Amino acid sequence: MATSLSSVIHISFVDTKTTRTRFSILKSHRKFFTISSKSTSNVPISETTPPNNNIKNSSLSDQLAPLANTTLPTLPENLPKVLSKPKPTWANPTKAKRHLLSQQRHKRSSVLYNPQMKEFQRFAQKLNNCDDSSEAEFMACLEEIPSSLTRENALLVLNSLKPWQKTHMFLNWIKNQDLLPMETMFYNVTMKSLRFGRQFGVIEELAHQMIDNGVELDNVTYSTIITCANKCNLFDKAEHWFERMYKTGLMPDEVTFSAILGVYARLGKVEVVISLFERGRATGWKPDLITCSVLGKMFGEAGDFYGIRYVLQEMKSLGLQPNLVVYNTLIEATGKAGKPGFARSLFEEMIDSGIAPNEKTLTAVIKIYGKARWSKDALEVWQRMKENGWPMDFILYNTLLNMCADVGLVEEAETLFRDMKQSEQCKPDSWSYTAMLNIYGSEGNVDKSIKLFEEMCKFGIELNVMGCTCLIQCLGKAMEIDALVRVFDIYVERGVKPDDKLCGCLLSVVSLSQGSKDQEKVLACLQRANPKLVAFIQLIVDEQTSFETVKEEFRGIMSNAVVEVRTPFCNCLIDICRNKDLLGRAHELLYLGSLYGFYPSLHHKSQYEWCLDVRRLSVGAALTALEEWMATLTKIVRREEALPDLFLAQTGTGAHKFAHGLNISFASHLRKLDAPFRQSEDKVGSFIATKDDLVSWVQSNSPASIAT
DNA sequence: AATAAGCACT
């Protein structure tokens with residue numbers, strides 16, 4: 001019975017009886033499925049998706065697109081209770097069901113006893129030892145092949161050859177010699193070697209050769225092709241061969257099916273994966289650990305914690321106990337989904353179940369604790385690593401260093417760094433040095449930063465833009481401008497290309513070095529990194545420049561910069577203008593920044609309280625925002641419009657390691673404006689005024705005293 | 001003869 005692709009998909013859309021019950025596991029998907037089942041009667045799939053009237057001729061991805069376009073919604077907290085009891089009430093034994101995948105795994109043919117095995121093993125060894133780059137030498141070696149090549153021995157040799165070029169050449173040789181009929185297995189073994197070498201082009205060539213010569217493509221062939229395409233990020237190719245398999249009437253077995261799920265998972269098509277997974281489950285398929293791992297990773301990438309819990313529940317109901325790899329994947333995924341507490345309990349559960357963590361487990365856990373700023377937990381794991389002799393490797397060392405940077409453990413980082421230098425296997429590399437530069441930069445330790453940099457140059461450690469940014473930040477804050485320029489020059493000479501973050505860092509040093517000769521030196525560095533930005537600075541500090549021009553150029557500068565630096569850029573530019581007493585320009589820039597949405601949470605209002613939140617602003621931008629606010633409030637008071645009882649300005653506590661004393665500058669500016677705000681007694685970094693305070697302040701002030 | 005896991009700059 002040949003099952004065409006379209007009929008498979010058609011079943012998926014109409015045969016809701018088989019799928020509905022399992023879909024009730026995920027409420028939203030049941031809802032989706034009920035709706036999409038109507039698509040066969042030309043009812044739109046959803047408001048946003050046009051009806052697909054052409055199911056027969058569209059590609060698989062087109063047909064599944066409506067699934068892919070919906071993101072997995074947040075699910076209710078009580079979900080696990082529902083998940084833990086999937087009652088299989090869908091079964092309808094009277095009706096033959098068409099399947100999405102074959103329940104039987106492709107069978108391996110048995111290995112025959114082979115008296116010449118040893119001889120051919122030696123031969124393969126000889127072929128492996130000959131020069132990789134010389135085809136002629138390889139062909140010469142082939143002359144010495146022991147006589148009477150059997151299919152078993154051909155497979156043995158194909159299986160042992162590496163790199164892929166040799167496997168490929170040997171396959172071609174067998175074909176050209178015409179000694180043996182070409183079998184599917186010869187191609188499959190060769191493809192495995194080619195996949196290791198990421199040679200998708202050659203694999204595809206062989207697949208076409210098989211088709212042309214009438215050699216059957218089986219599940220092993222397809223799964224190898226698909227996983228290779230996946231590895232090479234050729235997702236359309238993976239889909240193409242998957243579709244071809246269905247079209248030729250071959251059902252994927254569980255390995256191929258798993259490989260297909262892996263492709264959609266890597267594409268982030270969560271809905272497609274869930275749909276295929278559920279449909280497979282509904283027809284009796286039992287997913288294995290590998291499939292669970294694929295799903296877990298996908299949900300992690302999607303930041304979907306409920307999805308991860310869903311995978312865990314599925315495993316539980318299938319009686320699958322996670323192994324080391326699955327635990328590692330799920331721990332990492334949980335971290336990515338922003339649930340460090342859950343990651344920690346998975347980690348402990350894993351150890352309690354008797355599985356010892358490896359380097360990858362510990363890397364994931366340490367990274368999660370560092371990002372969560374859980375220094376206590378991170379240090380505890382580190383302690384256990386030492387006590388239990390848990391494995392350490394190079395990546396784990398660097399992850400530990402990054403964790404130290406995240407939670408501010410300077411001495412511990414120094415100890416680790418020394419350990420690395422003394423070790424044989426894990427000598428510090430550019431990542432390790434960058435982590436240390438980050439640590440010293442954060443605490444403003446100029447001497448140690450410079451010493452580290454000199455060491456990097458001496459040992460020939462690769463310089464990267466992140467290390468440069470850390471150094472520039474550190475030296476800029478300390479106003480060591482000559483050293484800053486020297487460091488910048490060396491990085492540029494060594495071919496490091498400044499990125500937007502480095503430019504932002506230089507820009508902030510420009511604003512800090514206002515009024516000194518040093519500013520020119522920093523501007524010269526910035527000129528090399530981003531000449532347009534320097535031109536823009538010159539434009540805005542010229543009072544003659546019109547607002548229209550500033551507006552136009554501002555747009556250009558900001559759209560060329562990556563999203564993360566746009567707000568800091570705008571902050572620095574405002575600072576530069578304020579430092580030059582160009583208050584009008586500072587207000588224009590703040591206005592433009594607000595217009596482009598760089599300051600989304602600056603104002604919030606309730607019936608009782610209006611709040612100005614300047615916590616993400618630089619000092620200059622915060623003061624500009626304060627002036628703007630006072631001017632607006634003044635207008636409102638004068639017009640006698642409705643006002644709330646309380647006004648609140650928030651600067652934050654300045655407790656963060658990169659805090660710039662915003663609350664202090666803000667308080668002093670309030671005094672300068674003689675504004676009616678008082679520092680809150682129970683909340684540091686909050687400034688409060690009542691409606692009465694404000695009204696009397698406006699009445700006692702002349703309009704001219706407020707900058708607009 | 002085929003399927004799953006780790007390194008970065010508030």
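These numbers were taken from a predicted model, which means no experiment stands behind them.
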Six-ring centre of A/Phe305, A/Lys339 cation under 6.0 angstrom, axis tolerance 45°: yes

If the cut-off is 4.0 Å, is A/Lys367 near the phosphate of B/dC7, judged by side-chain N/O to OP1 or OP2? yes

Any N/O donor-acceptor pair, A/Asn323 side-chain to B/dA4 base, under 3.5 Å: yes

Interatomic distance where CZ belongs to A/Phe299 and P belongs to B/dA5 [whole Å]: 16 Å

Below 4.0 Å: OP1/OP2 of B/dC9 and any side-chain N or O of A/Lys371: yes

At 4.0 Å (heavy atoms only), tell me whether A/Val189 reaches a base, stays on the sugar-phosphate, or touches nothing. sugar-phosphate

How are the rings of A/His208 and A/Trp241 set to each other: parallel, tilted or perpendicular (split at 30° and 60°)? tilted

Can you list, by residue number, the residues of residues 495-509 of chain A that have a non-hydrogen atom closer than 4.0 angstrom to DNA chain B? A/Lys501

Looking at the side chain of A/Glu359, which of B/dA4, B/dG6, B/dC9 is the nearest nucleotide? B/dG6

Whether A/Lys297 contacts B/dA5 is assessed here as follows: a side-chain N or O lying under 4.0 Å from the phosphate OP1 or OP2. Is that the case? yes

Residue set satisfying side chain to side chain donor-acceptor pair (under 3.5 Å) with A/Tyr327, at least two apart, ordered chain then number -> A/Glu349

Rounded to the Å, how far apart are A/Leu155 CG and B/dA2 P? 11 Å

For residues 180-191 of chain A, which residue pairs qualify under salt bridge (charged side-chain N to carboxylate O under 4.0 Å, His left out), counting only residues two or more places apart or in two chains? A/Arg151-A/Glu183

Does B/dT3 have OP1 or OP2 under 4.0 Å away from a side-chain N or O of A/Arg195? yes

Within residues 216-225 of chain A: residues closer than 4.0 Å to DNA chain B (heavy atoms): A/Asp218, A/Asn219, A/Val220, A/Ser223, A/Thr224

For A/Tyr599, the option from A/Thr567, A/Asp613, A/Asn571 that meets side chain to side chain donor-acceptor pair (under 3.5 Å): A/Asn571

If you count every heavy atom of other residues, nucleotides or ligands that lies below 6.0 Å from A/Lys421 atom NZ, does the total exceed 12? yes

Measure the distance from CD1 on A/Ile439 to P on B/dA8 and round it to the nearest whole Å. 14 Å

Applying a 4.0 Å non-hydrogen cut-off, can you work out what A/Glu332 is touching in the nucleic acid: base, sugar-phosphate, or nothing? sugar-phosphate

Round to the nearest Å and state the distance from A/Ile260 atom CD1 to B/dT3 atom P. 14 Å

On a plain distance test, is the side chain of A/Asn358 in donor-acceptor contact with the base of B/dA5 below 3.5 Å? yes

How about A/Phe277 and A/Trp285: are their ring centres within less than 6.0 Å of each other? yes

Using the test salt bridge (charged side-chain N to carboxylate O under 4.0 Å, His left out), find all partners of A/Glu204 that sit at least two apart in sequence or belong to another chain. A/Lys237

A/Lys192 side chain near B/dA2 phosphate (N/O to OP1/OP2, under 4.0 Å): yes

Do any of residues 563-573 of chain A sit with a heavy atom less than 4.0 Å from DNA chain B, and if so which? none

